[in-house]
Amino acid sequence: MIIRKPINLELTQLSGQTSQPPWINVGDSFREVLMVNEKPVLFDVKQSGDYLDFNFTGDISKKEAIHSLNYIYDLDFDLNKFYNYLSNQAELEEMSEFCKGLRLFLANDPFECIISSICSANNSIKRWTKSIRDMKEKWGNNYFDYYYTFPDKSIIQDIYEDDNEELLFGDKPCGNNLKSCGVGYRAPYIKKASHIFTLEMDLSEISKMDYEEAFETILKVPGVGPKVADCILLYGFNFKEAFPSDVWIKRIVSHLYFDGKDINVSKVRDFGMDEFGDYAGYVQLYLFHYARMSGLMSKLK
DNA sequence: CGTCAGGTAAAAA
DNA sequence: TTTTTACCTGAC
């Protein structure tokens, strides 16, 4: 079945957005199990011309499946209107050429996005995605033979941090702890964050807040600074006005808008939100991949 | 083998 | 308030 809205699936899947790791690549498809209305559904998506071709297995209607995919791949976002916006600005006009069809890859499970985003801090895409995959396979639920959901917050909060803790308090051999997933010093942040979202902070409340309140709220979580908070709000909760600013976005923005002058990351965030408004999230996504694919990134390094 | 990258938290200025 | 430093791990 085809959804007639343009997307570049592979680019979107492999763009390192911290909603989740890429889905499992099988032949020319990407597959993953998602919980939809509390039922496990195996999705299979692939590129068909400019569009998304999909199949699914699970106890939901076709309408519900399309609704999920529309959200996750942000298919109702008007790319052509966005490209028109980009083409009207000297600094941005080249970007759509390099990333045509790139869309937000939004979280089906906001908690997975929170942990992914915490893991992504001071880390490489390759390493944090492997950590999340490891956590799914160790403690998530297994469906359709090879697929795993991300474990619930109430599970993660009780996982041992490292080998020492496991040896001291556990009754199982080593390897069943957070650090064994390669998360390094983020292990205590992950545990504390899981605890907070299990007992103190309601995820559904975050989506009801306005952007500023949600940002301040989520900043209180250990391991969540401004960059991670903006990733969580953008990829986990679809706050498109977020402009996650890291060292690369700083370099690119500084090159395009400030004549290469060194400016601090928090100024870059203010600039991006002010300059791009509701397009901030998309501009951030496109800036990063434009720089990556145009060769600008190696030039700035 | 050493060096480096990359956000956050905590210490220091 | 702003700036500096330590933190795990994998890539090189």
Side-chain angles (χ1 to χ4, degrees), chain A residues 14-22 112-138 156 159-167 174-197 200-201 214-236 239 242-255 258 261-273 280-281 284-285 287-289 291-292 295-301:
Chain A
L14 304 181
S15 53
Q17 301 178 53
T18 65
S19 49
Q20 61 207 293
E112 178 177 12
C113 174
I114 289 168
I115 303 303
S116 295
S117 302
I118 289 173
C119 287
S120 75
N122 199 21
N123 209 341
S124 68
I125 294 170
K126 195 176 172 183
R127 191 147 68 87
W128 76 255
T129 56
K130 184 180 187 306
S131 294
I132 297 300
R133 285 245 145 259
D134 286 354
M135 293 168 79
K136 291 172 82 155
E137 288 177 25
K138 280 180 198 279
I156 302 282
I159 302 292
Y160 297 117
E161 277 180 27
D162 54 22
D163 287 347
N164 283 339
E165 220 179 271
E166 202 183 345
L167 280 169
C174 293
N176 203 46
N177 58 70
L178 290 171
K179 269 204 174 180
S180 71
C181 300
V183 301
Y185 56 81
R186 304 162 193 84
Y189 303 155
I190 293 167
K191 266 194 89 150
K192 285 175 196 155
S194 304
H195 184 77
I196 286 172
F197 285 107
E200 295 164 30
M201 221 182 259
F215 183 79
E216 294 304 326
T217 303
I218 214 136
L219 259 192
K220 298 189 179 104
V221 176
V224 178
K227 157 72 186 337
V228 168
D230 276 332
C231 284
I232 291 170
L233 293 181
L234 179 59
Y235 304 124
F239 282 94
F243 190 72
S245 302
D246 60 13
V247 52
W248 280 109
I249 292 300
K250 175 182 106 160
R251 286 169 186 156
I252 298 159
V253 165
S254 149
H255 170 76
F258 296 94
K261 192 162 67 84
D262 191 41
I263 34 179
N264 69 45
V265 175
S266 96
K267 285 262 162 54
V268 170
R269 175 172 176 269
D270 292 343
F271 168 81
M273 298 206 341
Q284 190 269 2
L285 183 62
L287 280 174
F288 187 79
H289 287 278
R292 223 182 180 185
L296 177 60
M297 206 167 250
S298 32
K299 211 175 96 183
L300 292 178
K301 204 160 161 59

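Letters go in sequence order (proteins before strands), and every chain restarts at 1.
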If only atom types and distance count, is the side chain of Arg133(A) paired as donor or acceptor with the main-chain N or O of Pro22(A) below 3.5 Å?
yes

In whole angstroms, the gap separating P of dC7(C) from CD of Glu161(A) amounts to 16 Å

Within the distance-only criterion (no hydrogens, no angle test), does the side chain of Glu112(A) pair as donor or acceptor with the backbone N or O of Gln20(A) below 3.5 angstrom?
no

In residues 221-235 of chain A, which ones come under 4.0 Å of DNA chain B, going by heavy atoms?
Val221(A), Pro222(A), Gly223(A), Val224(A), Gly225(A), Pro226(A), Lys227(A), Val228(A)

Rounded distance (Å) that lies between atom P of dG7(B) and atom CG of Leu219(A)
16 Å

Evaluate the side-chain proximity of Phe258(A) to Val268(A): yes if any heavy-atom separation is below 4.5 Å, no if none is.
no

For Cys113(A), does its backbone N or O pair with a side-chain atom of Ser19(A) as donor and acceptor, under 3.5 Å?
no

With sequence neighbours excluded, tell me which residues meet salt bridge (charged side-chain N to carboxylate O under 4.0 Å, His left out) with Arg269(A).
Asp230(A)

Does the side chain of Gln17(A) come under 3.5 Å of the side chain of Ser15(A) through a donor N or O and an acceptor N or O?
yes

Report the residues that fulfil salt bridge (charged side-chain N to carboxylate O under 4.0 Å, His left out) with Asp134(A), sequence neighbours left out, ordered by chain and then residue number.
Lys130(A)

In this structure, how many angstroms lie between the P atom of dT8(B) and the CD1 atom of Ile190(A), rounded?
14 Å

Per-nucleotide protein contact string for nucleotides 1-6 of chain C, where B marks a base within reach and S marks sugar-phosphate only (heavy atoms under 4.0 Å, - for neither)
------

Check the distance between dA5(B)'s C1' and Lys250(A)'s NZ and give it to me in whole angstrom.
14 Å

Just checking Arg269(A): base, sugar-phosphate only, or nothing, at a heavy-atom cut-off of under 4.0 Å?
nothing

Does Gly175(A) offer a backbone N or O that forms a donor-acceptor pair with the side chain of Lys138(A) under 3.5 Å?
yes

Please answer whether the main-chain N or O of Ser124(A) pairs with a side-chain N or O of Arg127(A) as donor and acceptor at a distance below 3.5 Å.
no

Provide the closest heavy-atom pair for Ile156(A) versus Ser194(A) in the form atom of the first, atom of the second, distance.
CG2-OG, 3.1 Å

To the nearest Å, give me how far apart CD1 (Ile249(A)) and P (dG7(B)) are.
10 Å

When you compare the protein's N or O atoms with those of nucleotides 8-10 of chain C, which come within less than 3.5 Å of each other, and at what distance?
| from | atom 1 | to | atom 2 | distance (Å) |
| --- | --- | --- | --- | --- |
| dC8(C) | O4' | Tyr185(A) | N | 3.3 |
| dC8(C) | O2 | Arg127(A) | NH2 | 3.2 |
| dT9(C) | O4' | Arg127(A) | NH1 | 3.3 |
| dT9(C) | O2 | Arg127(A) | NH2 | 3.2 |

Can you give me the N/O atom pairs linking the protein to nucleotides 10-13 of chain B at distances under 3.5 Å, or say none if there are none?
none

Within the structure provided, determine whether Val183(A) and Tyr189(A) are in side-chain contact (heavy-atom separation under 4.5 Å).
no

Taking the basic N atoms (NZ, or NE/NH1/NH2) and the acidic carboxylate oxygens, is any pair closer than 4.0 Å for Lys220(A) and Glu200(A)?
no

Main chain of Phe243(A), side chain of Ser245(A): is a donor-acceptor contact present, judged purely on distance under 3.5 Å?
yes

